[in-house]
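Comments concern the structure below.
Keep in mind the model is a prediction, meaning the values are calculated, not measured.
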Amino acid sequence: MKPRKQNVLLLLMLVCSGTTLGIEPISTTIAVGMAAALTGFLASYQNLFYYFHECCRPEWISFNKTGLKNDLENKLFGQHIASRIILKAVNGFMRNSNPKKPLVLSLHGWTGTGKNFVSQLIAENIYKEGMDSKFIHVFTSTLHFPHASQNALYKSQLQQWIKGNVTNCERSMFIFDEMDKMHPGLIDSIKPYLDYYDKLDGVSYRKSIFVFLSNAGGDSIIQTALDFWRAGRDREEIELKDLETSLSLSVFNNNQSGFFHTSLIDKNLVDFFVPFLPLEYQHVVQCTMAEMNARNIKPDRDVADQVARDLVYFPKSERVFSVKGCKTIESKLDYYT
């Protein structure tokens with residue numbers, strides 16, 4: 001690469017990152033000279049670098065409401081409550097140019113019901129790079145915070161990680177997986193970042209998104225779904241009001257969960273507790289058909305039925321809900337195709 005192009009890319013990188021803190025000190029005269037020499041070039045080609053290097057700019061971070069709506073309708077099955085809440089919450093937040101606090105979503109339900117998948121759909125419809133975006137940060141409790149004895153260290157690290165990343169891009173997204181396995185008290189360390197503050201130490205967190213994923217509360221969700229089924233009522237009749245209070249209480253009082261007596265709940269900093277209902281046979285079939293389509297395999301209902309029949313359901317006698325939801329669909333489909 002020619003020296004001129006190297007200088008251009010260097011300056012573009014500085015413009016893109018919005019900071020010069022990582023650059024070694026150089027002569028002010030040289031810096032000004034370089035800038036003056038390249039001004040004309042940058043005036044014409046300043047957007048060139050943005051096409052090749054992800055930046056915290058609208059070219060790379062822009063909400064696609066229609067895309068999220070279509071994805072929730074066509075790719076997420078059996079979750080009418082979650083779909084409605086997610087679309088309204090994300091759309092309202094991204095449309096607001098001056099939110100008062102970050103968007104905080106807590107997704108709850110048994111394994112395989114779509115919590116991680118929904119996080120992925122949100123990411124894909126905000127960030128051009130989807131889950132590969134450098135502005136999305138995923139924390140898994142058993143991987144990143146394995147030892148209870150290190151809780152004090154984890155708290156300090158977590159605060160530094162979040163502050164550093166939001167300083168780099170205010171439109172950052174943080175996903176905390178396995179909240180039910182997180183050590184109680186740890187998540188309270190980020191409480192100030194989720195509260196109603198304009199800035200903390202010069203950093204605004206109000207445009208960031210925090211998503212918590214947890215199996216905690218799944219039992220109360222399942223009980224409600226079973227009650228509706230036994231009463232002969234359709235699952236689409238279940239509304240958020242039928243679940244929200246019992247869900248938040250069960251999560252708050254679960255001493256094995258990262259949300260145990262947390263100030264995030266006590267101070268009402270979680271905007272939405274999103275329940276994910278247990279999946280029925282028909283939803284497993286839909287998941288399988290969608291997976292075949294994603295693999296560019298012609299959807300085959302007979303194969304989908306075989307996969308669905310191979311799963312375990314509960315209650316054992318009635319076989320209403322899939323124990324693992326759609327969790328094992330990919331491996332099961334490998335076996336039947």
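- Side-chain contact check for Lys324 versus Val312: every heavy-atom pair is 4.5 Å or farther apart.
- Two different hydrophobic clusters hold Leu279 and Ile81 under the rule that ILVMFWY side chains link at heavy-atom gaps under 4.5 Å.
- Interatomic distance, CZ of Phe139 versus CD of Gln157, reported as 10.0 Å (0.5 Å rounding).
- The closest side-chain heavy-atom distance from Thr140 to Phe176 is not below 4.5 Å.
- Closest heavy-atom contact between Asn215 and Gly109: OD1-O, 3.1 Å.
- The CG atom of Leu121 sits 11.5 Å away from atom CG of Leu87, with the distance rounded to the nearest 0.5 Å.
- The residue from Arg206, Lys207, Lys101 that alone fulfils the salt bridge (charged side-chain N to carboxylate O under 4.0 Å, His left out) condition with Asp198 is Arg206.
- At least one side-chain heavy atom of Trp60 sits less than 4.5 Å from a side-chain heavy atom of Cys55.
- Side-chain atoms of Asp271 come within 3.5 Å of backbone N or O of Val104 as a donor-acceptor pair.
- Listed for the Gln306 side chain is no donor-acceptor partner under 3.5 Å among the backbone atoms of Tyr336.
- Tracing side-chain contacts under 4.5 Å through hydrophobic residues (I, L, V, M, F, W, Y), one never reaches Leu226 starting from Leu311; they form parts of separate clusters.
- You'll find the side chain of Asn116 stays beyond 4.5 Å of the side chain of Gln120, heavy atoms only.
- Of the inter-residue distances, the one linking His183 atom NE2 with Ser149 atom OG reads 8.0 Å to the nearest 0.5 angstrom.
- The aromatic rings of Phe321 and Phe314 sit tilted, their planes meeting at an angle between 30° and 60°.
- The number of heavy-atom neighbours closer than 6.0 Å to NZ of Lys267, taken from other residues, nucleotides and ligands shown, is 12 or below.
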* To do: Decide side chain to side chain donor-acceptor pair (under 3.5 Å) for Gln282 and Gln286; before the verdict, give the C-alpha distance in whole Å, the side-chain angles of both, and the deciding distance to 0.1 Å.
  => CA-CA 6 Å; Gln282 60 176 319; Gln286 289 176 304; 5.8 Å; no
* Would you sort out whether Phe174 and Ser172 count as a side chain to side chain contact (heavy atoms under 4.5 Å, CB included), showing the intermediate values? => CA-CA 7 Å; Phe174 301 91; Ser172 293; 3.8 Å; yes
* Should Ser156 and Gln160 be marked as a side chain to side chain donor-acceptor pair (under 3.5 Å) after you check the CA-CA gap, both sets of side-chain angles, and the distance that decides it? -> CA-CA 6 Å; Ser156 176; Gln160 292 174 21; 3.1 Å; yes
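- If you chain together hydrophobic residues whose side chains sit under 4.5 Å apart, Phe272 and Leu72 fall into the same group.
- Taking 4.5 Å as the limit, some side-chain heavy atom of Cys56 sits within range of a side-chain heavy atom of Ile61.
- Judged by distance alone, the side chain of Lys134 and the main-chain N or O of Glu54 form a donor-acceptor pair under 3.5 Å.
- The closest side-chain heavy-atom distance from Tyr127 to Phe135 is below 4.5 Å.
- Counting non-hydrogen atoms of other residues, nucleotides and ligands closer than 6.0 Å to CG of Asp234 gives a total above 12.
- Criterion: ILVMFWY side-chain heavy atoms under 4.5 Å apart, direct or through other members. Under it, Phe77 and Ile238 are not part of a common hydrophobic cluster.
- Taking 4.5 Å as the limit, every side-chain heavy atom of Asn96 sits out of range of all side-chain heavy atoms of Phe93.
- Taking both residues in full, the closest heavy atoms of Thr142 and Glu178 are given as OG1-OE1, 2.6 Å, listed atom of the first, atom of the second, then distance.
- Once rounded to the nearest 0.5 Å, the distance linking CE of Met179 with CE of Met182 reads 4.5 Å.
- Between the Asp266 side chain and the Thr262 main chain, no donor and acceptor come within less than 3.5 Å of each other.
- The closest donor-acceptor contact from the side chain of Thr167 to the backbone of Lys163 lies under 3.5 Å.
- The number of heavy atoms from other shown groups lying within 6.0 Å of CZ (Arg301) does not exceed 12.
- The heavy-atom pair separating Glu170 from Ser208 by the smallest distance is O-OG, 2.9 Å.
- Open room surrounds OH on Tyr196; 12 or fewer heavy atoms of other groups in view lie less than 6.0 Å from it.
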* Stepwise side chain to side chain contact (heavy atoms under 4.5 Å, CB included) test for Lys69 and Thr66 -> CA-CA 5 Å; Lys69 181 176 184 293; Thr66 301; 5.6 Å; no
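- Among all heavy-atom pairs drawn from Phe273 and Leu240, the shortest one is O-CD1, 3.7 Å.
- Pairing each heavy atom of Leu68 with each of Asn125, the nearest pair is N-OD1, 3.2 Å.
- At least one donor-acceptor pair closer than 3.5 Å links the side chain of Asp242 to the backbone N or O of Glu239.
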* **Residue pair Ser263, Asp188: steps toward the side chain to side chain donor-acceptor pair (under 3.5 Å) verdict** => CA-CA 6 Å; Ser263 60; Asp188 281 344; 3.2 Å; yes
* To do: Report the C-alpha distance between Gln223 and Asp219 in whole Å, list the side-chain angles of each, state the deciding distance to 0.1 Å, and finish with yes or no for side chain to side chain donor-acceptor pair (under 3.5 Å).
  => CA-CA 6 Å; Gln223 187 58 54; Asp219 289 344; over 6 Å; no
* I would like to know whether Val90 and Ile126 meet side chain to side chain contact (heavy atoms under 4.5 Å, CB included); could you show each step before the answer? => CA-CA 10 Å; Val90 176; Ile126 295 179; 4.1 Å; yes
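- You'll find the side chain of Glu291 reaches within 4.5 Å of the side chain of Glu330, heavy atoms only.
- Ring geometry, His108 versus Phe259: the interplanar angle falls from 30° to 60°, so the pair is classed tilted.
- Residues Leu333 and Tyr281 fall within the same hydrophobic cluster, defined by Ile, Leu, Val, Met, Phe, Trp and Tyr side chains chained together at heavy-atom separations under 4.5 Å.
- Going from atom CD1 of Ile209 over to atom CE of Met94 covers 5.5 Å, rounded to the nearest 0.5 Å.
- Ser220 and Leu247 make their closest contact through OG-CA, 4.1 Å (heavy atoms, listed as atom of the first residue, atom of the second, distance).
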* To do: Would you please test Thr111 and Thr113 for side chain to side chain contact (heavy atoms under 4.5 Å, CB included) and show each step?
  => CA-CA 6 Å; Thr111 184; Thr113 52; over 6 Å; no
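- Remark: side-chain polar atoms of Ser141 are paired, donor with acceptor, to backbone N or O of Asp177 under 3.5 angstrom.
- In this structure, the side chain of Gln79 does not engage the main chain of Gly114 through any donor-acceptor pair within 3.5 Å.
- Between the Lys115 side chain and the Trp110 main chain, a donor and an acceptor come within less than 3.5 Å of each other.
- From Ser119, atom OG reaches atom CD1 of Ile175 across 4.5 Å, with rounding to the nearest 0.5 Å.
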